[in-house]
Each structure stands twice: as structure tokens, then as C-alpha cells.
Amino acid sequence: MHVDFALLATMFAVAAVAGAFDAIAGGGGLLTVPALLLTGMNPVAALGTNKLQGAVSALSSTTAFARRGLIDWKTALPVAGAAAVAGLCGALCASLLSPRVLAALVPVLLIVIALYFGFSKGLKGEDVHPRLTLPVFAFCVTPLIGFYDGIFGPGAGAFYMVAIVTLLGYGALKATAHTKLANAASNLGSLSLFILKGAVIWPIGLAMAAGAFLGAQVGSRLAMRFGARLIRPLLVVMSCAMAVKLLSDPANPLRHAVVGLFTH
């Protein structure tokens with residue numbers, strides 16, 4: 001495909017905005033994946049290139065949170081390791097599970113997450129007592145989300161966030177910091193397979209990675225400044241937006257089922 005400076009500048013800007021959203025509440029793929037598809041690249045290349053900028057975005061925000069001492073590395077490293085392996089396994093198994101099943105299920109889960117963060121008091125500024133021990137969380141819960149991130153992806157950040165808040169008892173900002181590291185790990189795991197398959201368009205991917213890095217730095221600073229007051233509403237908005245985006249696909253089986261109820 002033809003790549004010129006105007007295209008690279010546009011994708012840089014899109015990734016910068018997406019990186020800021022990703023650092024706070026996730027959902028940057030709502031901007032980057034459609035933008036990549038509009039360039040004319042095939043869906044596999046779009047997903048592979050998106051994983052590159054997504055991984056860099058998550059790593060960028062992770063470094064910003066880490067500099068503020070918001071990451072407990074004894075907890076974070078086992079979770080990140082499990083997420084990376086699971087992300088790679090998910091990417092390897094992508095052809096074994098129909099995306100239609102996930103496309104039907106994920107919007108429902110995202111709406112549930114939006115309702116949870118919107119109406120419950122589960123997202124607070126301070127930590128509470130955990131419901132699971134670290135080994136159980138790292139090796140039983142994290143692989144499920146990491147595998148999903150590798151095999152499909154949309155909403156993985158929201159799933160990490162709700163799991164860390166409800167099961168590890170972390171407050172809003174600390175949970176966001178650990179979510180970014182886990183997200184980076186599962187992204188890197190699946191990205192490694194896309195690279196081996198030659199599915200990354202490097203000029204566009206690197207331009208987007210640069211934009212995502214800068215955007216994530218801005219977003220993480222906003223999250224650290226405003227805490228739960230910013231993170232909670234953006235989580236609700238982005239979870240709903242991702243659900244609507246998935247349901248807007250004419251091929252979505254859940255959409256077909258709902259439309260069928262009203263047309264028969």
C-alpha cells in the first residue's frame with residue numbers, strides 16, 4: 001500500500017488521541033482500528049498494526065504510573081507474565097473460536113461493566129481487602145482475560161480493570177496502573193505472533209506508536225491528577241461506546257437476534 005507523509009501524520013494524530021483515552025479508561029481501539037481499515041489495509045494487517053501501537057501506548061502509561069510509585073511490582077510481574085503467555089496463546093488459537101460468539105457476548109459484558117462502575121461504589125480512591133490471593137488471580141483470572149485479548153481484544157482493558165478492582169481490591173488509580181501493565185503484556189504476547197506472520201505494516205505502526213506513546217503520557221497524567229472523578233465516567237462511556245460499536249456491525253449475531261424479536 002502507498003504510504004506518504006500525510007497518511008503517517010494523520011495516523012500519528014489518531015493514535016495520540018486514542019493513547020490518551022487508553023491510558024485513562026481503555027477503548028482507544030474504537031479510533032485506531034477503523035482508521036487503519038480506512039487506509040485500505042486488510043483486517044489482519046490492521047489488527048497486527050493496532051497491536052503494535054496498543055502495546056506501546058500501554059507501556060507508555062505504565063512507565064508514567066510506575067514513576068509515581070503506583071505499581072506494586074510483586075503483584076504486577078506475575079500478572080503481567082501470565083497475561084503475556086495467555087495473549088500469545090489467544091492469538092495462536094484465534095482460528096479455533098468463531099469471533100461471532102465473542103461478538104455476541106462481549107457487548108453484554110461491557111454494558112454490565114458500565115452499569116457496575118456507573119452505579120456501584122466499587123471504584124474508590126483507596127484500596128480495600130482483596131477477595132482473591134495473588135497466585136489465584138495471576139494464574140486463574142488473568143489468563144482468561146489475556147487469552148481473550150489475544151483472540152479478540154475489544155474491552156480487554158475494562159475486563160482487567162473490573163477484575164483488579166473487585167478481586168484484588170485496588171483503588172481507582174492503582175487499578176488503572178496495573179491494568180495498563182497487564183494490557184501491555186497481553187498485547188505484546190499477541191503482537192509477537194502478528195510480527196512472525198508479517199502482519200504489521202511497520203511505517204504506519206511506528207508512526208502510530210510514537211503518537212500513542214505521547215498520548216498515553218498525557219492521559220496517564222490526567223488520570224493521576226483527577227483520579228476516580230475522571231476514571232469512573234470515562235470507563236462507563238468507553239465501555240458503552242465499545243458495546244455500541246460491536247453491535248453496530250450488521251453481522252453481529254446478537255444484533256440479528258434482537259432485530260428478529262421485533263420483526264417477527
Side-chain angles (χ1 to χ4, degrees), residues 11-33 35-36 49-73 75-76 79-80 83-84 87 110 113-114 117 123 125 145-146 149 153-165 168 170-188 190-191 205-242 245:
M11 301 308 288
F12 173 92
V14 169
V17 175
F21 278 106
D22 261 338
I24 302 167
L30 287 172
L31 299 173
T32 55
V33 173
L36 285 163
T49 306
N50 186 62
K51 283 293 181 186
L52 173 59
Q53 71 83 30
V56 171
S57 172
L59 286 170
S60 173
S61 51
T62 297
T63 59
F65 288 125
R67 284 197 296 268
R68 285 283 297 273
L70 291 168
I71 295 180
D72 177 0
W73 292 103
T75 301
V79 170
L110 288 170
I113 287 174
F117 284 125
L123 191 63
I145 305 173
D149 196 14
F159 298 148
Y160 278 125
M161 185 73 173
V162 75
I164 290 170
V165 168
L168 290 183
Y170 286 1
L173 193 55
K174 188 176 178 182
T176 301
H178 286 74
T179 291
K180 294 302 105 183
L181 179 58
N183 226 164
S186 53
N187 272 337
L188 287 169
S190 54
L191 173 63
L206 291 173
M208 294 184 76
F213 183 91
L214 295 175
Q217 289 291 310
V218 173
S220 56
R221 281 164 173 74
L222 288 172
M224 287 185 281
R225 180 173 180 180
F226 296 105
R229 288 178 296 155
L230 178 62
I231 295 168
R232 181 198 292 268
L234 264 184
L235 269 170
V236 172
V237 169
M238 297 309 289
S239 294
C240 289
M242 283 185 282
K245 177 68 172 66

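The structure displayed is predicted, hence computed values, not measured ones.
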_Minimum heavy-atom separation for Ile145 and Ala156, please, with both atom names._
CG2-O, 3.8 Å
*Just jot down the side-chain contact (heavy atoms from CB on, under 4.5 Å) partners of Ala209, sequence neighbours excluded, or say none.*
Val56
*Hey, could you give me the CG/CE distance between Leu31 and Met11, rounded to the nearest 0.5 Å?*
10.5 Å
*Sort out for me which residue in Ile231, Leu230, Val236 forms a side chain to side chain contact (heavy atoms under 4.5 Å, CB included) with Leu234.*
Leu230
_Results of side chain to side chain donor-acceptor pair (under 3.5 Å) for Lys180 - residues two or more places apart only_ = none
_Could you work out, with side-chain contact (heavy atoms from CB on, under 4.5 Å) as the rule, every residue matching Met242, not counting sequence neighbours?_
Leu30, Leu110
_Once side-chain contact (heavy atoms from CB on, under 4.5 Å) is applied, do any residues pair with Ala184, and if so which ones, sequence neighbours excluded?_
Ala58, Leu59
*Passes side chain to side chain contact (heavy atoms under 4.5 Å, CB included), Met224 versus Leu70? Steps please.*
CA-CA 10 Å; Met224 287 185 281; Leu70 291 168; 3.9 Å; yes
*In chain order, what residues pass the side chain to side chain donor-acceptor pair (under 3.5 Å) check against Ser60, with sequence neighbours excluded?*
Gln217
*What's the spacing between Thr62 OG1 and Leu181 CG if we round to 0.5 Å?*
5.0 Å
*Name all residues meeting the side chain to side chain donor-acceptor pair (under 3.5 Å) criterion together with Lys174; count only those two or more places apart in sequence or in a different chain, and write none if there are none.*
Asp127
Listed pairs under 3.5 Å, donor-acceptor, residues 12-24 side chains, sequence neighbours left out:
residue	atom	partner	partner atom	Å
Asp22	OD1	Gly27	N	3.2
Asp22	OD1	Gly28	N	2.9

*Would you please name every residue forming a ring-ring contact (aromatic ring centres under 6.0 Å, His included) with Phe159, sequence neighbours left out?*
Tyr148
*CG of Leu206 to CD of Gln53: how many Å apart, nearest 0.5 Å?*
11.5 Å
*Can you name the nearest heavy-atom pair linking Ala182 to Ala83, along with the distance?*
O-CB, 3.6 Å
*Which heavy atom in Arg221 sits nearest to a heavy atom in Ala64, and how many Å separate them?*
NH1-CB, 4.1 Å
_Checking Val162 now: which residues fulfil side-chain contact (heavy atoms from CB on, under 4.5 Å) with it, not counting sequence neighbours?_
Ile113, Tyr116, Phe117, Thr166
*Nearest 0.5 Å, what's the CZ-OG distance between Arg67 and Ser220?*
7.5 Å
*Would you mind listing every salt bridge (Lys or Arg N to Asp or Glu O under 4.0 Å) that reaches into residues 53-63, with sequence neighbours excluded?*
none
*Listed by chain and number, what are the side chain to side chain donor-acceptor pair (under 3.5 Å) partners of Ser57, not counting sequence neighbours?*
none
*Step by step, would you call Asp149 with Asn183 a side chain to side chain contact (heavy atoms under 4.5 Å, CB included)?*
CA-CA 8 Å; Asp149 196 14; Asn183 226 164; 3.3 Å; yes
*Going through the distances and angles, do Met208 and Thr32 end up as a side chain to side chain contact (heavy atoms under 4.5 Å, CB included)?*
CA-CA 9 Å; Met208 294 184 76; Thr32 55; 3.8 Å; yes
*Looking at OG1 of Thr176 and CG of Leu235, how far apart are the two atoms once the value is rounded to the nearest 0.5 Å?*
6.5 Å
*Can you list every pair that meets side chain to side chain donor-acceptor pair (under 3.5 Å) and has a residue in residues 154-164, with sequence neighbours left out?*
Tyr160-Ser186
*About how many Å separate SG of Cys240 and NZ of Lys245, when rounded to the nearest 0.5 Å?*
15.5 Å
